J.: 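Before I ask anything, let me first share the structure, which is written out below as structure tokens.
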Amino acid sequence: MLIGKTLVITGVASGIGARTAELAITMGADVIGIDIREPVKSNGSFLAGDLSTADGIAAVVARLPGRFDALLNIAGISGSVGAAKTLAINFYGLRHLTENVAGRLREGGAVVNVASIAGYGWRANLDRARRMVGVPGFPDIERVMADNAVANEIGYPLSKELLLLWTQIAAHQVQFKGRGIRVNAVSPGPVETPILKEFRSVLGDERVDSDISRTGRAGTASDIAPVVLFMASDAARWINGANIACDGGLEASVNADVLGFNPQQG
Ligand SMILES: NC(=O)c1ccc[n+]([C@@H]2O[C@H](COP(=O)([O-])OP(=O)(O)OC[C@H]3O[C@@H](n4cnc5c(N)ncnc54)[C@H](O)[C@@H]3O)[C@@H](O)[C@H]2O)c1
């Protein structure tokens, strides 16, 4: 599915990004990885870069090739360093990078955004999400937070709510849709990677353990990587603006509570 394709993958030094890069290469793709940290094991070529600032993103964009097939936005942080930095990496920086390379994606290419079950609340918080997604470019994030009364503790879920909303908007924007470029999201549940320990301190052990018990086990990076690569491949050519839950059934289980149906009762 990926032979001869060039994939740009962020977050390749660890967890889901590292496994996605490794699997992409075994499936015949060329990989250009980006991360703020040097990967221990190299998978394809590597660009060191900080995706949390407009300057860092500009430096990365300057070193990317003029044409590639897909951008896989996997880099992310847990929220432990506060909402401003979290929104910068997980949403505004991600969007800025994507908008800046849109013209380099080949016709029929793809953008895959790794979001999260943590962004489940985007519909319930739609007004705030709409306002914050409506702020263009790479903004003064402290200012955006103040304008929208964003508490520091909600940086992670909020960043993923914005990402899920923007994915659907971008899928229909001319710079993507006009050139047949699909924009989709994949939302993992809890996955055993270094970030999971941080989620325990940010979201609390109770929330993480409850999510894991709903699905029977935590996921692994190998559960997520093939789904991300499928979404980047031509096999997903009729999927656009979608969010694929890759969470062992967690979203369905939460829906049962929120929408008031119980799968146990048939
Ligand atoms: N692990 C989970 O439980 C889980 C659940 C849902 C969603 N996710 C999402 O999956 C994605 C990957 O997470 P993971 O589990 O592999 O975590 P991870 O911590 O193993 O990997 C994240 C990678 O992003 C990189 N990164 C962080 N800040 C960066 C920056 N400023 N510039 C460039 N790179 C940067 C890190 O160096 C790291 O290599 C994230 O977007 C995360 O929100 C993870």
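Read the numbers this way: they start at 1 and go in the same order the structure lists the ligands and their atoms. A quick note: this is a predicted structure, and the numbers were derived from the prediction, not measured.
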J.: Distance-only criterion, 3.5 Å: show the donor-acceptor pairs between side-chain atoms of residues 27-40 and protein atoms not counting sequence neighbours.
T.:
unit_1: Asp35; atom_1: OD1; unit_2: Arg37; atom_2: N; d: 2.9
unit_1: Asp35; atom_1: OD2; unit_2: Val12; atom_2: N; d: 3.1
unit_1: Asp35; atom_1: OD2; unit_2: Ala13; atom_2: N; d: 2.9

J.: Select all protein residues for which some heavy-atom-to-ligand 1 distance is less than 4.0 Å, and list them by chain and number.
T.: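 Within the 4.0 Å shell of ligand 1, which is judged on heavy atoms, sit Gly11, Ala13, Ser14, Gly15, Ile16, Asp35, Ile36, Arg37, Gly49, Asp50, Leu51, Ser52, Ile74, Ala75, Gly76, Ile77, Ile89, Val114, Ala115, Ser116, Tyr156, Lys160, Pro188, Gly189, Pro190, Val191, Thr193, Pro194, Ile195, Leu196, Phe199.
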
J.: Going by the ring pair (Phe, Tyr, Trp, His ring centres under 6.0 Å) test, which pairs reach into residues 184-237, not counting sequence neighbours?
T.: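 As it turns out, the ring pair (Phe, Tyr, Trp, His ring centres under 6.0 Å) pairs with a partner in residues 184-237, which skip direct neighbours, are Tyr156-Phe199.
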
J.: For the pair Asp234 and Arg237, find out whether any cationic side-chain nitrogen is under 4.0 Å from an anionic carboxylate oxygen.
T.: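 Not counted as a salt bridge, because no side-chain N and carboxylate O are separated by less than 4.0 Å.
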
J.: Between Arg207 and Asp211, is there a salt bridge with N-O shorter than 4.0 Å?
T.: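 Answer for the salt bridge query: yes.
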
J.: Ignoring hydrogens, what is the shortest heavy-atom contact between Val227 and Cys246? Give both atom names and the distance.
T.: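 In terms of heavy atoms, the two residues are closest at CG2-SG, 3.7 Å.
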
J.: List, by chain and number, the other hydrophobic cluster members for Ile89, where Ile, Leu, Val, Met, Phe, Trp and Tyr join if side-chain heavy atoms come within less than 4.5 Å, directly or indirectly.
T.: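 Members besides Ile89, by chain and number: Ile77, Val81.
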
